[in-house]
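Written below as C-alpha cells is the structure these notes are about.
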Amino acid sequence: MGTFGTFATVSGYLGFLGQASCGCFGAIPTSPWWVFSLDIGILLALMLARPNWTTWKQELVVAPFMIVGLVTSIGFGFWLHNSAGSVDAGLGALRGQKLVVISSVLDFGQIHPGEVLTQTLRLRNVSKEPIRLNGGTNDCTTRMGNLDSV
C-alpha cells in the first residue's frame with residue numbers, strides 16, 4: 001500500500017504541474033491523471049481485498065513507518081521543487097546534470113511533407129555555469145548536439 005501510495009502521490013503531483021505524460025510506462029505516453037486514478041483504484045482494491053480485518057490492530061505497528069515514508073517522499077519532492085524550481089530540475093542537479101529538459105514530450109500532431117512546424121523545448125540550466133548549446137538536427141533523429149560550458 002505504501003508503494004502505490006507513493007506512486008499516486010508522484011503521478012498526482014505531475015498531473016497538478018500539467019505534465020502531459022508521467023513516463024510511468026516508459027515510451028508509452030500516459031496522462032498522469034490516468035495513472036493517478038489507476039493507483040488510487042489499486043489502493044482501494046488492496047484495502048477491500050484484505051484477507052482478515054480482525055487482526056488490523058496488530059498491523060498498525062507498520063503504519064507509522066508507512067506514514068513516515070510517505071511524508072518523507074512528499075517532503076523531498078517539495079524540497080526539490082522549492083530549491084530548483086521543479087522536481088525534474090532538482091533531480092537533475094542531484095544527478096550532476098548541467099542541463100535538464102523540462103518539457104520532455106512535444107506533440108506535433110499529423111505532419112505533411114514539406115510542412116514547417118515550430119515547438120518550444122524548455123530547458124533549465126541547473127549548474128552554476130553558463131551553458132552553450134551547439135549542434136542539433138532538423139530531422140527526426142534524437143541527436144541533441146554538444147553541451148559546452150562557456
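Starting from 1, each residue takes its place in the sequence as its number.
- Under the 4.5 Å side-chain contact rule for hydrophobic residues, Trp79 and Leu17 share a cluster.
- If you take CG on Leu44 and CG on Asp39, they are separated by 11.0 Å, rounding to the nearest 0.5 Å.
- Phe7 has its ring centre less than 6.0 Å from the ring centre of Phe4.
- The shortest non-hydrogen separation linking Ala20 to Pro32 is O-CD, 3.7 Å.
- Hydrophobic clustering, with ILVMFWY side chains joined whenever heavy atoms are under 4.5 angstrom apart, groups Ile40 together with Trp34.
- Taking hydrophobic clusters as Ile, Leu, Val, Met, Phe, Trp and Tyr residues chained together by side-chain heavy-atom distances below 4.5 Å, Ile131 shares a cluster with Leu123.
- Linking Ile, Leu, Val, Met, Phe, Trp and Tyr residues whenever their side-chain heavy atoms come within less than 4.5 Å places Leu38 and Leu46 in a single cluster.
- Rounded to the nearest 0.5 angstrom, Thr9 OG1 and Phe36 CZ are separated by 8.0 Å.
- For the atom pair CG of Asn125 and NZ of Lys98, the computed distance is 9.0 Å after rounding to the nearest 0.5 Å.
- Of all heavy-atom pairs spanning Ser73 and Thr6, the tightest one is OG-CG2, 4.3 Å.
- In this structure a side-chain-to-backbone donor-acceptor pair under 3.5 Å is missing from Ser21 to Ser31.
- The minimum heavy-atom distance between Phe16 and Trp33, with the atom names listed, is N-CZ2, 3.4 Å.
- By the rule that hydrophobic residues join a cluster once side-chain heavy atoms approach within less than 4.5 Å of another member, Leu14 and Ile74 end up as members of separate clusters.
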